[in-house]
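Atoms within each ligand, like the ligands themselves, are counted from 1 in listed order.
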Amino acid sequence: MALIVQKYGGTSVGNIERIHNVAERVARAHRAGDQVVVVLSAMSGETDRLVKLAHEATPMPDEREMDMLLSTGERVTIALLAMDLRGRGINARSFTGRQVGIITDSAHTKARIARVTADRLREALDQGVIPVVAGFQGINEQSDVTTLGRGGSDLSAVALAAALKADRCIIFTDVDGVYTADPNVVPAAKRIDKIAYEEMLEMASLGAKVLQTRSVEFAAKFNVPVEVNSSFKEGKGTLVTREDADMEAVAVAGVTGDRNQAKITIVGVPDKPGIAARIFGPVAQAHVNVDMIIQNMGQDALTDLSFTVPRADLRKATPIIQGVAKEIEAKSVSITEAIAKVSLIGVGMRSHSGVASKMFEVLSREGINILMISTSEIKISCVIDEKYLELAMRSLHSAFGLDQVPQGDRSGK
Ligand code: ADP
Ligand code: ASP
Ligand code: MG
């Protein structure tokens with residue numbers, strides 16, 4: 001008898017008919033003799049609707065109250081699924097994050113999991129009950145409701161799988177696996193049979209929202225085998241697992257695009273020691289993550305400094321940067337939201353050279369200007385004008401041979 005955590009995303013529980021479909025799947029696994037723990041998201045669009053309501057109530061909603069509000073979406077779906085299963089004579093019970101002991105820090109709206117007690121879950125499983133757990137939520141040490149960041153139900157599922165030492169955590173979604181690029185953007189994208197935690201982590205953090213970044217981090221840390229599969233059809237999915245020798249055969253495993261960044265440029269910065277610390281210190285204190293940074297030599301001992309921050313933090317970062325720019329007597333500050341980051345990812349980059357130069361060549365052939373570049377051992381990212389993102393993704397996908405089934409077959413299609 002295997003213990004399986006099954007997580008269903010928003011589209012998969014988007015209406016009653018789809019909830020019936022999930023109930024069928026859960027019932028099937030139960031009948032096959034597996035122990036099942038179900039983790040659910042809110043219905044698709046519901047969390048966005050709640051965020052919008054909050055901003056209608058007040059421009060900068062209090063984050064504790066935001067979590068109180070956002071956590072309601074998942075309560076709806078767990079209760080509906082548990083009712084459905086019970087209606088079929090299956091002993092299911094819904095549980096909130098608090099009830100299953102998901103304890104987090106107090107960083108409301110992006111809380112980190114500190115520990116998972118899961119006592120109630122073990123008890124339920126011992127009694128033959130199918131627990132249906134609300135994803136995306138926990139409580140802090142003061143018992144206030146917290147949420148785990150957008151897409152956080154993936155993390156709830158992986159964390160429960162780790163705590164229960166489950167045999168597998170299956171993330172059921174609207175695609176049948178992790179693809180070489182977002183299949184909704186690059187129609188030629190292929191499903192990947194297995195992908196290394198490290199590659200998946202880069203893909204997620206560079207824009208592939210099929211898995212939430214922290215959930216991959218958590219899975220790697222606790223060695224949880226994660227499968228991504230479709231809740232709508234049967235067939236093979238993608239296994240996210242430890243790296244093996246096959247995985248280095250191809251240089252590039254995937255292409256991602258990310259529109260969630262904005263670029264800030266401080267023009268005419270005095271070129272002297274200590275200036276970077278004076279600029280980035282206050283930004284870090286405000287918990288704004290700076291991603292890429294470039295500095296251009298200007299004239300008369302002045303330089304221009306450009307960097308990217310998450311678009312969502314732009315409102316918070318702008319007055320801070322304007323304040324610092326004034327203090328250090330820089331000339332001006334300019335802000336562009338219309339940028340995007342295109343990235344190539346692959347553990348094979350460690351052993352294949354020439355990936356960066358080929359990437360630059362492909363972008364230049366398409367007439368796409370590169371605004372910023374950053375690299376690590378297994379990824380290369382370029383910031384470009386947002387309007388060229390889809391073109392860049394498709395051209396790179398094709399140029400790196402991902403439109404075809406790659407040699408050393410990592411692709412399932
Ligand atoms: P859920 O609501 O089930 O959590 P998400 O919308 O969060 O689903 O994630 C699934 C979506 O991720 C897909 O519909 C797809 O458009 C997108 N996606 C982005 N990059 C990839 C990729 N490399 N492979 C598969 N899906 C991807
Ligand atoms: N409902 C939450 C969101 O939309 C969490 C999730 O779906 O994973 O972000
Ligand atoms: Mg998701």
Side-chain angles (χ1 to χ4, degrees), residues 6-14 18 22 39-52 66-67 69-78 97 102 109-111 133-138 146-159 170-193 195 199-216 226-232 237-238 240 252-260 312 342-346 389-390 393 396-397 402 410-413:
Q6 296 191 342
K7 179 257 169 177
Y8 294 89
T11 321
S12 308
V13 293
R18 291 183 173 176
V22 169
V39 176
L40 298 185
S41 290
M43 289 182 175
S44 56
E46 176 63 6
T47 310
D48 287 341
R49 187 184 74 87
L50 294 170
V51 169
K52 198 162 155 264
M66 192 66 150
D67 278 351
L69 178 70
L70 297 191
S71 65
T72 61
E74 273 72 10
R75 279 191 172 226
V76 172
T77 50
I78 57 167
I102 295 182
T109 75
K110 44 178 177 255
V133 183
F136 181 51
Q137 54 178 260
T146 54
T147 63
L148 309 176
R150 296 306 304 271
S153 299
D154 295 336
L155 176 58
S156 310
V158 171
I170 311 180
I171 306 292
F172 284 105
T173 181
D174 55 3
V175 277
D176 62 351
V178 178
Y179 276 62
T180 48
D182 185 339
N184 289 316
V185 177
V186 181
K190 300 281 183 288
R191 186 177 56 79
I192 302 171
D193 263 346
I195 186 166
E199 283 173 332
M200 191 62 235
L201 188 59
E202 290 285 6
M203 280 182 72
S205 68
L206 294 168
K209 71 162 182 165
V210 61
L211 284 178
Q212 189 225 26
T213 308
R214 277 197 200 153
S215 74
V216 187
V226 174
E227 179 186 327
V228 178
N229 213 327
S230 166
S231 66
F232 298 104
T238 298
V240 189
V252 174
V255 179
T256 61
D258 179 7
R259 295 175 195 273
N260 292 319
V342 61
S343 309
L344 301 179
I345 297 113
L389 180 62
E390 298 194 350
M393 287 176 71
L396 290 166
H397 193 272
L402 298 174
R410 302 230 352 230
S411 164
K413 240 189 186 172

For residues [X] and [Y], determine if any side-chain heavy atom of one lies less than 4.5 Å from a side-chain heavy atom of the other.
X      : Y      : value
Ile192 : Thr180 : yes
Thr109 : Asp67  : yes
Glu74  : Thr147 : no

Rounded to the nearest 0.5 Å, what separates atom [atom1] in [X] from atom [atom2] in [Y]?
X      : Y      : atom1 : atom2 : result
Ser231 : Arg18  : OG    : CZ    : 7.5 Å
Glu46  : Leu70  : CD    : CG    : 9.5 Å
Met393 : Ser343 : CE    : OG    : 9.0 Å

(message) Pairs of nitrogen or oxygen atoms closer than 3.5 Å, one from Asp154 and one from ligand 2: do any exist?
(response)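 N/O-N/O distance under 3.5 Å: no.
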(message) Check this for me - ligand 2, Gly151, N or O atoms closer than 3.5 angstrom, yes or no?
(response) yes
For ligand 1, run through the N/O pairs with the protein that fall under 3.5 Å and put one pair on each line.
{"unit_1": "ligand 1", "atom_1": "2 (O)", "unit_2": "Gly10", "atom_2": "N", "d": "3.2"}
{"unit_1": "ligand 1", "atom_1": "3 (O)", "unit_2": "Thr173", "atom_2": "OG1", "d": "2.7"}
{"unit_1": "ligand 1", "atom_1": "4 (O)", "unit_2": "Lys7", "atom_2": "NZ", "d": "3.2"}
{"unit_1": "ligand 1", "atom_1": "6 (O)", "unit_2": "Lys209", "atom_2": "NZ", "d": "3.1"}
{"unit_1": "ligand 1", "atom_1": "7 (O)", "unit_2": "Lys209", "atom_2": "O", "d": "3.4"}
{"unit_1": "ligand 1", "atom_1": "8 (O)", "unit_2": "Thr173", "atom_2": "OG1", "d": "3.1"}
{"unit_1": "ligand 1", "atom_1": "14 (O)", "unit_2": "Asp174", "atom_2": "OD1", "d": "2.9"}
{"unit_1": "ligand 1", "atom_1": "14 (O)", "unit_2": "Asp174", "atom_2": "OD2", "d": "3.4"}
{"unit_1": "ligand 1", "atom_1": "16 (O)", "unit_2": "Asp182", "atom_2": "OD1", "d": "2.9"}
{"unit_1": "ligand 1", "atom_1": "16 (O)", "unit_2": "Asp182", "atom_2": "OD2", "d": "3.3"}
{"unit_1": "ligand 1", "atom_1": "16 (O)", "unit_2": "Asn184", "atom_2": "ND2", "d": "2.7"}
{"unit_1": "ligand 1", "atom_1": "23 (N)", "unit_2": "Tyr179", "atom_2": "O", "d": "3.0"}
{"unit_1": "ligand 1", "atom_1": "24 (N)", "unit_2": "Tyr179", "atom_2": "N", "d": "2.8"}

(message) If the cut-off is 4.0 Å to any non-hydrogen atom of Ser41, which atoms of ligand 2 fall inside it?
(response) 6 (C), 7 (O), 8 (O)
(request) Would you check whether Gly152 reaches within less than 4.0 Å of ligand 2, judged by its heavy atoms? (result) yes
(message) Would you say CZ of Arg75 has more than 12 non-hydrogen atoms from neighbouring residues, nucleotides or ligands within 6.0 angstrom?
(response) no
(message) Quick check on side-chain contact (heavy atoms from CB on, under 4.5 Å): which of Asp154, Leu40, Val158, Val228 does Lys7 satisfy it with?
(response)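 Answer after filtering Asp154, Leu40, Val158, Val228: Asp154.
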(request) Pick one of side chain, backbone, both or neither for how Glu74 approaches ligand 2, counting any non-hydrogen atom pair under 4.0 Å. (result) side chain
(message) Could you report the tightest heavy-atom contact between Val39 and Ser156, atom names first, then the distance?
(response)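 Reported closest heavy-atom pair: CG1-CB, 4.1 Å.
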(message) Quick test: of every protein heavy atom, which one is nearest to atom 9 (O) of ligand 2, and how far off is it to 0.1 Å?
(response) Arg150 NE, 2.7 Å
